[in-house]
Amino acid sequence: MNTKLSQFIKSKYFEYFILSIILILGFVVRLYKINNPIADWHSWRQADTASVTKTYIEQGINLFYPKYHDISSVQTGIFNPNGYRYVEFPIYNAISAILSNTFPKFSLEIWSRLVTIFAALITSFFLYLIGKKYLGKAGGLLSAFFYLFIPYNIYFTRVILPDPFGAMCAVISLWFYIVFIDNESTFNLYTSGFFMLLAILIKPYYAFYLIPLIYLTLNKYQLKDIFSNKKLLNKFIIFSLIMFAPFVLWRIWESRFPEGIPFFTWMFNGDHIRFRPAFWRWIFDERLGRLILGGWGLVLFVIGILRPKQYFVKFTILSMFLYVVVVATANVRHDYYQILAIPAISLVVASGVCYLWDTMIFNKVISRVLVVFSIPMMLMVGWFLIKDDYQVNHPELIEAGKMVDQITPPSSLVVAPYDGDTAFLYQTNRWGWPAIDDSIDHIIEKGADYYVSVNLGSADTKMIESRFKTIKKTDRYVIIDLHQVINSKTK
């Protein structure tokens, strides 16, 4: 029996068995609060994404005209009566809408989260393949494990955001390019280009994952060899066109709709924080050190970087460092921007664990004790820091939104101010304004029918309540009909 067990453990089936357990448990942990309303952490960004999906469900899927419920000028500076939303190419939204329409048993919110979850599982599988290639079997399994069980990534790969789907496409692209480098198969090269195209269409920042591809290329070919080999050069030209030509065309197309393109230049260094002490603190202490790696994982991460050789892994994490430096302000302000970096971080941590486990430099017993202690501590501390992100802190938004949906006509336009956060507007199931971006009279002229607020003491709410008829009021919200004037104050 022991002999059979030993043979099984040494066989490839044991490796697949462990991988299967990792994937199954990775799916299970992401079902936690999967039916949450869109009112948890980063609900504003999730609501924007879900709103595009909801519009596809209601009006049909048109990839070239993504729309959402916010028609205000808050995000673009231009009144947006058609609700255009040109942020990412809406592949993720289209898939979620198709599944929601085909299998209506689940809500679009659950389907959107499930799409994200399955994207994470696929990503972890390809990380396993990449890790196995460069770090061995254990490194592959550990790469998949860390990607699926770092608590930060558990939360951010079950949200309604396109970023995890983009990460999946980028990691798949990495793997097919690695295979191309090994066998020079044109199919693998072009497949890599196709998936990188999808990633770049979702978020252009995924182009930073081209850096390890460049390393692999220059590690195998010299530049003069590429330019002297016409057949090889043509392959790389077509590869580049596959990745970038559709993206350029998409950018040209969306430039026709400036009212649907949110402000974005602030993301790079809008507050001049790049390389300031606060930049290093937020990115490497608060985010990487504490939120993502739970403190204890930082030891494994640093060992993974310092480990001799493993240049592919080093160039992968270098690409993420450059990404954080370039997109400095957004990475400091919003923790979901680090979703893009988790595949690289998982590879580095796995590399660190493998090196410590087999090290001949440090005391092997102490090194292994450090590994065995650090991993559960990392996960425990990480969970403690991320668990509040699942909480719905303002249930009154949902309550007020449901009431608006019940008592107002479906075609109504609603003003649902929440500091520009569209999560409140999304709960009303109506198009409209997430903030008062103009005088209330001008907003009414643009078509606003109702005003709903959960901030009963705000100056705007008191003013509007004094001028128009209140049709529903509780101690948590107020709904006002903007067409029933009760005060003939001069407009």
Side-chain angles (χ1 to χ4, degrees), residues 25-50 107 109-110 112-114 116-117 119-120 145-164 167 278-279 281-298 301 324 329-342 345-346 349 374-402 418-427 434 454-455 476-477:
L25 292 179
F27 174 76
V28 171
V29 297
R30 283 163 174 76
L31 297 180
Y32 178 62
K33 293 192 175 183
I34 193 173
N35 59 346
N36 256 5
I38 302 179
D40 49 10
W41 187 241
H42 283 311
S43 57
W44 60 274
R45 185 63 179 87
Q46 294 189 67
D48 288 346
T49 306
S107 67
E109 290 85 2
I110 290 179
S112 297
R113 290 188 175 114
L114 285 172
T116 302
I117 290 170
F145 172 82
F146 286 124
Y147 186 79
L148 287 180
F149 291 98
I150 289 176
Y152 165 94
N153 208 43
I154 293 176
Y155 177 78
F156 280 106
T157 51
R158 41 78 65 201
V159 292
I160 304 175
L161 292 175
D163 305 67
F279 171 80
R281 171 181 170 264
W282 275 103
I283 297 300
F284 293 98
D285 180 23
E286 295 291 335
R287 297 287 168 68
L288 177 63
R290 297 182 73 247
L291 184 63
I292 296 174
L293 296 178
W296 287 91
L298 194 58
F301 179 82
V324 170
T329 297
N331 271 284
V332 169
R333 289 189 186 180
H334 302 305
D335 52 12
Y336 74 87
Y337 271 81
Q338 287 90 70
I339 292 172
L340 185 148
I342 302 301
I345 292 171
S346 300
V349 175
S374 294
I375 293 176
M377 286 297 293
M378 174 184 72
L379 301 182
M380 183 178 68
V381 174
W383 168 250
F384 177 79
L385 293 171
I386 203 72
K387 62 184 177 68
D388 287 343
D389 287 4
Y390 293 87
Q391 301 304 313
V392 175
N393 295 317
H394 296 285
E396 66 273 13
L397 300 181
I398 304 159
E399 184 181 345
K402 287 181 178 178
Y418 196 58
D419 295 326
D421 187 332
T422 53
F424 187 19
L425 180 66
Y426 181 83
Q427 296 300 329
V454 295
N455 188 352
R476 294 159 70 86
Y477 64 85

**Message:** Tell me whether the count of non-hydrogen atoms from other residues, nucleotides or ligands lying under 6.0 Å of NZ in Lys33 goes above 12.
**Reply:** yes
**Message:** So Arg113 and Asn36, do their side chains get closer than 4.5 Å, heavy atoms only?
**Reply:** yes
**Message:** Any side-chain to backbone donor/acceptor pair from Gln338 onto Asn331? Under 3.5 Å, distance only.
**Reply:** yes
**Message:** Does any part of the side chain of Pro151, heavy atoms only, come nearer than 4.5 Å to the side chain of Leu379, both counted from C-beta?
**Reply:** yes
**Request:** Using a cut-off of 6.0 Å, state whether more than 12 heavy atoms not belonging to Asp419 lie near its atom CG.
**Result:** no
**From CG (Leu397) to OH (Tyr418), nearest 0.5 Å** = 4.5 Å
**Message:** Can you tell me which residue among Ile345, Ile339, Leu385 is in a side-chain contact (heavy atoms from CB on, under 4.5 Å) with Tyr152?
**Reply:** Ile339
**Message:** Just so I know, are the side chains of Glu399 and Val454 near enough to count as touching, which here means a heavy-atom distance under 4.5 Å?
**Reply:** no
**Item:** 4.5 Å side-chain heavy-atom contact, Phe149 and Leu25
**Value:** yes
**Asked** Does Arg158 pair with Asp40 as a salt bridge, N-O distance under 4.0 Å?
**Response** yes
**Message:** For the CG atom of Asp285 and the CZ atom of Phe279, what is their distance to the nearest 0.5 Å?
**Reply:** 13.0 Å
**Item:** Within 6.0 angstrom of Phe384 CZ, more than 12 heavy atoms from elsewhere
**Value:** no
**Message:** Is the shortest side-chain heavy-atom distance between Phe156 and Ile292 below 4.5 Å?
**Reply:** no
**Message:** Pair Tyr390, Ile154 - check side-chain contact (heavy atoms from CB on, under 4.5 Å), show working.
**Reply:** CA-CA 11 Å; Tyr390 293 87; Ile154 293 176; 3.5 Å; yes
**Request:** Kindly indicate whether the side chain of Tyr155, heavy atoms from C-beta on, has any atom under 4.5 Å from the side chain of Val29.
**Result:** no
**Request:** Determine whether Ile34 and Ile117 make a side-chain contact, defined as any pair of heavy atoms from C-beta on separated by less than 4.5 Å.
**Result:** yes
**Item:** Candidates Ile110, Ile38, Thr116 - the one meeting side-chain contact (heavy atoms from CB on, under 4.5 Å) with Ile160
**Value:** Ile38
**Request:** Return the minimal non-hydrogen interatomic distance between Met378 and Leu293, and the atom names on each side.
**Result:** CG-O, 2.9 Å
**Asked** How long is the gap from CG on Asp335 to NE2 on His42, to the nearest 0.5 Å?
**Response** 3.5 Å
**Request:** Determine whether Leu148 and Asn153 make a side-chain contact, defined as any pair of heavy atoms from C-beta on separated by less than 4.5 Å.
**Result:** no
**Complete:** Rounding to 0.5 Å, atoms OG1 (Thr422) and CD (Gln46) come to a distance of 10.5 Å
